[in-house]
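No experiment lies behind these values; they were computed from the predicted model shown. A note on names: the letters A, B, ... follow the listed sequences, proteins ahead of strands, and every chain is numbered from 1.
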Amino acid sequence: MSLDLSSLNYAQIDAVTAIDENILIIAGPGTGKTQTLAFRTAYLIRSKDVSPASIIAITFTNKAAQEMRERVSNLLCNECNTADIWIGTFHSLGLAILREEGHRVGLRPDFLILSESEQIELVKSVLSDTLPKEPLIRAKRWVQRLSERKNHTFSSQSVSDLPDILFSAYEHRLEELNLIDFDDLILKPLILFKENPEVRDTCRNRFCHLLVDEYQDINNLQYQFLKELSGPAASLWVIGDADQAIYAFRGANVKHFLKFQQDYPDVRTIALKENYRSTRTILTSAQTVIAHNSDRIPHTLTSSASTGLPVHLLQAANDKAEARLVVKEIEKLIGGIRMESSFEGSDSFGFNEIAILYRLHHISRFFSEALKQSGIPYQVVGGVSSQPDSAMEYVVPFLKTLLNPHDDLSFSAILQAMDNKFDRTTITQLLDLARDREGSLYQIFHSPKIDGLLDPYRIDSDHKLLSFLHRMQKEMLAISLRELIATICQGLNLNMPLEDENHPWWFLLTEPFSDGPAHDQLPEFLETVALLKEGETYNSKAEAVTLMTVHAAKGLEFPVVFMVGLESGIFPCTEFGEGPSDLEEERRLFYVGMTRAKKRLYLSCSQSRHLFGENREAAPSSFISEIPPEMITVVPDHKSAKAKKIPAGKQRSLFT
DNA sequence: CTGTCGTCACTTTTT
DNA sequence: GTGACGACAG
């Protein structure tokens with residue numbers, strides 16, 4: 001029985017059934033990218049008799065991988081075992097390879113993956129050894145540079161100045177501790193492939209069909225890795241949209257998408273041009289904006305939807321007024337509005353159909369306050385404040401210490417987490433002492449003579465800590481992982497009830513590891529956790545207005561979207577970092593934001609904004625002026641008449 | 001070694 | 001406006 005493709009349009013069918021060697025699918029926003037990818041996978045199995053085990057589908061998140069597996073499974077009516085298909089991220093693939101063959105690149109079998117915070121801590125400790133004059137506050141920058149450096153391992157491109165001494169010391173420490181960072185998950189398999197062609201060929205022989213999602217966000221290492229993985233006999237099918245590449249700050253390079261046609265022979269390029277999401281006005285506005293970019297493959301999206309309402313522009317005198325204005329509009333939308341004469345104008349929306357998107361988390365503050373005041377339910381996705389010191393940050397180092405007490409990195413993380421009883425200087429001293437004695441921190445704590453460094457007050461709390469550790473080490477042989485975590489949380493005074501429905505994430509996460517004592521489940525559990533980001537995930541069912549960054553909104557859609565804080569300096573964001581910011585990337589981000597909207601798009605800005613402890617004046621974002629003026633309507637602000645209204649026709653002269 | 005004060009930095013974050 | 005770091009005084 002062949003797969004029913006009747007729900008697809010011509011371009012999608014083309015993409016699903018293409019038999020060419022290498023295929024590039026350009027899938028603009030709302031064109032059914034995920035569907036096409038799932039259909040392609042199912043089609044290969046069902047209609048082309050491809051063995052599931054010879055297919056590899058690479059997604060960018062574990063969540064996407066999961067969804068993908070479900071969709072394919074549904075399309076195949078659960079007939080075939082989709083577990084045979086390799087669906088996962090580059091990183092999980094790399095990890096799988098390293099678990100099997102890691103010894104070939106010098107890894108001991110029980111290596112662990114460094115978390116982001118651990119990486120920063122490690123760099124700080126390496127930094128004080130190698131470049132003592134460098135302030136530790138810039139450790140994050142160094143982490144970024146180390147990552148860049150690894151990212152360019154096999155490329156001619158030169159990298160920003162990173163002292164070799166720092167790099168080699170960092171690498172040496174990783175090796176010593178049997179740790180690898182996220183980049184190593186790609187880099188080491190890549191090296192492994194290059195040095196052991198027979199391993200590479202085993203992989204090549206297994207995977208004949210390679211499907212890659214979000215190809216525009218691939219980085220140099222992933223690109224090279226994919227090249228190694230796809231042998232001459234392989235068929236490479238990649239999908240993405242260069243206009244939605246917004247992860248350059250993490251090393252993603254949209255150039256790889258743009259040069260796909262030169263990189264691979266016999267490429268067939270198919271563009272999905274039909275947008276099923278937005279009104280024509282929204283789509284055209286967004287496309288007019290993105291057309292200002294030059295690093296792209298020009299293509300025009302069409303929509304059979306109605307014209308819809310114009311893009312609404314709100315302008316306020318200050319950030320508080322902006323928030324009030326937005327909330328006032330939301331109230332109208334909820335209540336069902338009859339202001340506009342068109343049919344669309346009489347819609348009313350549910351809370352979960354509305355999103356407020358911004359460039360920077362800080363922007364959300366006034367909006368959540370205003371929403372709270374109006375009694376409108378809302379959820380803020382991400383941000384620092386929303387996860388009060390994510391319990392994960394405390395529990396994981398603890399678990400790691402239980403598994404390996406001599407893991408100084410984890411042990412010092414515990415010490416730092418303990419109510420500031422140990423500051424960095426003390427820990428550094430203890431670490432130095434440990435190194436002098438060629439032992440671990442843990443051993444130092446067991447030795448009687450550290451009086452000079454630790455006052456009685458501290459020693460008291462140490463004893464508590466140590467006896468707690470010892471107790472846990474014993475108990476983990478008997479109790480379940482979930483019980484162990486619960487006990488640790490209790491011991492650390494962490495408020496994290498595992499069974500609480502507010503934390504289903506923890507509950508679900510520990511679920512697969514509930515068999516047998518914690519001790520046996522721990523290694524695998526830690527591995528799973530290392531590849532997962534806790535991120536407060538967006539709940540589409542919650543009856544609440546959603547507040548999040550444009551980055552976080554990628555891949556989502558909402559009937560109503562408010563893009564707020566649209567001021568020069570903020571969006572495009574030029575405030576931070578060392579080098580010049582990439583205007584084209586910011587514009588892509590703006591485009592991603594606009595194209596989240598299905599029916600209504602509101603843009604709002606403020607003349608002044610309180611940010612980083614000072615009031616800043618700013619002009620409206622230059623991106624607003626890139627929208628055709630006739631597609632914009634200015635929503636008058638009755639309350640603050642002082643706010644200058646900018647007539648649509650005059651906009652162009654006021655910007656840039 | 002410890003406490004205090006001035007300074008500097010602050011994006012976005014699928015892994 | 002915050003929080004972490006580093007310099008300096010005690």
Between A:Phe562 and A:Tyr602, how do the two ring planes meet: parallel, tilted or perpendicular, split at 30° and 60°?
-> parallel
Selection from B:dT12, B:dT15, C:dG6 that lies nearest to any side-chain heavy atom of A:Arg359 | B:dT12
For A:Asp181, the option from A:Lys150, A:Arg173, A:Lys188 that meets salt bridge (Lys or Arg N to Asp or Glu O under 4.0 Å) | A:Lys150
Name the residue closer to the 5' end of DNA chain B, choosing between A:Ser92 and A:His551 according to the nucleotide with the nearest heavy atom.
-> A:His551
Quick one: on DNA chain B, does A:Leu589 or A:Ile137 contact a more 5' nucleotide (nearest heavy atom)?
-> A:Ile137
To the nearest Å, give me how far apart [atom1] ([X]) and [atom2] ([N]) are.
X: A:His610; N: C:dG1; atom1: NE2; atom2: C1'; answer: 7 Å
X: A:Phe576; N: B:dC8; atom1: CZ; atom2: C1'; answer: 14 Å
X: A:Arg138; N: B:dC10; atom1: CZ; atom2: C1'; answer: 14 Å
X: A:Ile58; N: B:dT15; atom1: CD1; atom2: P; answer: 15 Å

Going by 5.5 Å between centroids and 30° between planes, is there a stack of A:Phe249 over B:dT12?
-> yes
Tell me whether A:Phe60 is stacked on the nucleobase of B:dT14, counting only the six-membered base ring and applying the 5.5 Å and 30° thresholds.
-> no
Checking all strands, does A:Asp217 fall into the base, sugar-phosphate, or nothing category for heavy-atom contacts under 4.0 angstrom?
-> base
Remember a base hit wins even if backbone is also touched, and classify A:Phe90 as base, sugar-phosphate or nothing at under 4.0 Å, heavy atoms.
-> nothing
May I ask you to decide whether A:Arg596 forms a salt bridge with A:Glu557, counting only side-chain N to carboxylate O separations under 4.0 Å?
-> no
When you check the gap from the basic side-chain N to the acidic O, do A:Lys320 and A:Glu322 get nearer than 4.0 Å?
-> no
Under a 4.5 Å cut-off applied to non-hydrogen side-chain atoms, are A:Ile120 and A:Val123 in contact?
-> no
Looking only at side-chain N and O atoms, does [X] come under 4.0 Å of OP1 or OP2 in [N]?
X: A:His362; N: C:dT2; result: no
X: A:Thr549; N: B:dT13; result: yes
X: A:Asn62; N: B:dT15; result: yes
X: A:Arg588; N: B:dT12; result: no
X: A:Lys124; N: C:dC5; result: yes

Quiz item: A:Arg250 side-chain donor-acceptor pair to B:dT15 base, under 3.5 Å = yes
